[in-house]
Protein chains: 2
Amino acid sequence: MKPIFNDHTPIYLQIMTHIKKQIVVHILQPGDKLPSVRELSKNLEVNPNTVQRAYQELEREEITYTQRGMGTFVTDIEEKLHMLKKEMAKDLITNFIQQMKSIGFVEDELAEIIAVFIKKNKE
Amino acid sequence: MKPIFNDHTPIYLQIMTHIKKQIVVHILQPGDKLPSVRELSKNLEVNPNTVQRAYQELEREEITYTQRGMGTFVTDIEEKLHMLKKEMAKDLITNFIQQMKSIGFVEDELAEIIAVFIKKNKE
DNA sequence: TCTAGTGTATTATTTATATAGTACACTAGA
DNA sequence: TCTAGTGTACTATATAAATAATACACTAGA
């Protein structure tokens, strides 16, 4: 499972993103149990402490909750999960636009650039 | 100048990106002298060694070249600089599409999403 | 009641970055 | 020739992140 990682972002942050993605595409549903710290650390081939840190942060963001002795679960608050997808999308879009502008593109050409790029990729 | 930095990317990489951007928007032209290691480290409020590492990597990527005792300069090879913008744009676009897909969007809606987002932001 | 599976805590060590301070080599120009 | 401004090298230290190993507390279910 190691390939989900890149070189320069802390692994615990990458694990958080990995789980958030699984939530927004409904691989993980509200109330679902996350893999245990030990199990996920084995699957991802990372230290249990690293997974634990990711889980701690996810709980701090109220995306998950913990029942001691039982496990960590995706929050039941659907509102929260709906917001999560919106926020992640907004962050990606905002970041993309800002980055493209910083290398000399203007806002009004971005949609067309995306459209052309995708069309070419299909060929 | 510190605000160009974020929390989780090594500073030397952020400096590299910062300079690449200045090159592709022609703030820095082919043959232009970059700020000296000491000067830039003072402006950015980072250690000279950190700037030096960024400069080393830029030279390794053949975006700059060095004349000992004189300074570090943007490459004269315009072809190289033209490719740089193309590559940076391609990386941003590819990454954006891949990330959006990973949270449940499909390629064909992305251009429209961008267009709508930009339009709303103007209001 | 016991046990296996949970989260959690603690201490030590390693690695990549970043900093700090110093020194050396080269170049242009006064 | 000297000096100020270049890049470069080196050693030491600090910090965040990741690892390693171990232990403790809680819960459900046999």
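For clarity, every value in this text was computed on a predicted model and none was experimentally measured. Throughout, protein chains are lettered first and strands after them, A, B, ... in sequence-line order, and every chain is numbered starting at 1.
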Does NZ or CZ of A:Lys85 come closer than 6.0 Å to the centre of the six-membered ring of B:Phe105, within 45° of the ring's axis?
yes
The residue, A:Pro10 or A:Met70, whose nearest nucleotide of DNA chain D is more 5′ is A:Pro10
Describe, in one word, how the ring planes of A:Tyr65 and A:Phe73 are oriented to each other, choosing from parallel (under 30°), tilted (30 to 60°) and perpendicular (over 60°).
parallel
Round to a whole Å and report the spacing from CD of B:Gln67 to P of D:dG7.
11 Å
Grab the CG-C1' distance between B:Asn49 and C:dT17 for me, whole Å please.
11 Å
Would you kindly give the OH-to-P distance between A:Tyr55 and C:dA9, to the nearest whole Å?
16 Å
Salt bridge flag under 4.0 Å for residues A:Asp108 and B:Lys122
yes
For C:dT15, which nucleotide is its Watson-Crick or G-U wobble mate, given both distances must be under 3.5 Å?
D:dA16
What is the distance from NZ of B:Lys42 to P of C:dA20, rounded to the nearest Å?
15 Å
Tell me the interatomic distance from A:Phe73, atom CZ, to D:dA28, atom C1', rounded to whole angstroms.
11 Å
Whole-Å distance between C:dG7 P and A:Arg68 CZ?
11 Å
Run the numbers on B:Glu59 and B:Thr64 for side chain to side chain donor-acceptor pair (under 3.5 Å), then give the verdict.
CA-CA 5 Å; B:Glu59 191 175 4; B:Thr64 60; 5.5 Å; no
Taking atom P of C:dT19 as reference, at what distance in whole Å does atom CG of B:Leu40 sit?
12 Å
Are any of B:Tyr12's side-chain N or O atoms less than 4.0 Å away from OP1 or OP2 of C:dT17?
yes
Using OP1 and OP2 only, check whether a side-chain N or O of A:Ser36 sits under 4.0 Å from C:dG5.
no
Any salt bridge linking B:Arg60 with B:Glu57? Criterion: basic side-chain nitrogen under 4.0 Å from a carboxylate oxygen.
yes
For D:dA17, does either OP1 or OP2 sit under 4.0 Å from a side-chain N or O belonging to B:His8?
yes
Can a side chain N or O of A:Thr72 be found less than 4.0 Å away from OP1 or OP2 on C:dT6?
no
Can you tell me the Watson-Crick or wobble partner of D:dG29, both distances under 3.5 angstrom?
C:dC2
Between the side-chain atoms of B:Arg38 and the base atoms of D:dG5, is any donor-acceptor pair under 3.5 Å?
no
Does a side-chain N or O from A:Thr50 land closer than 4.0 Å to OP1 or OP2 of D:dA17, or not?
no
Using atom OH of A:Tyr65 as one end and atom C1' of C:dG7 as the other, report the distance to the nearest whole Å.
15 Å
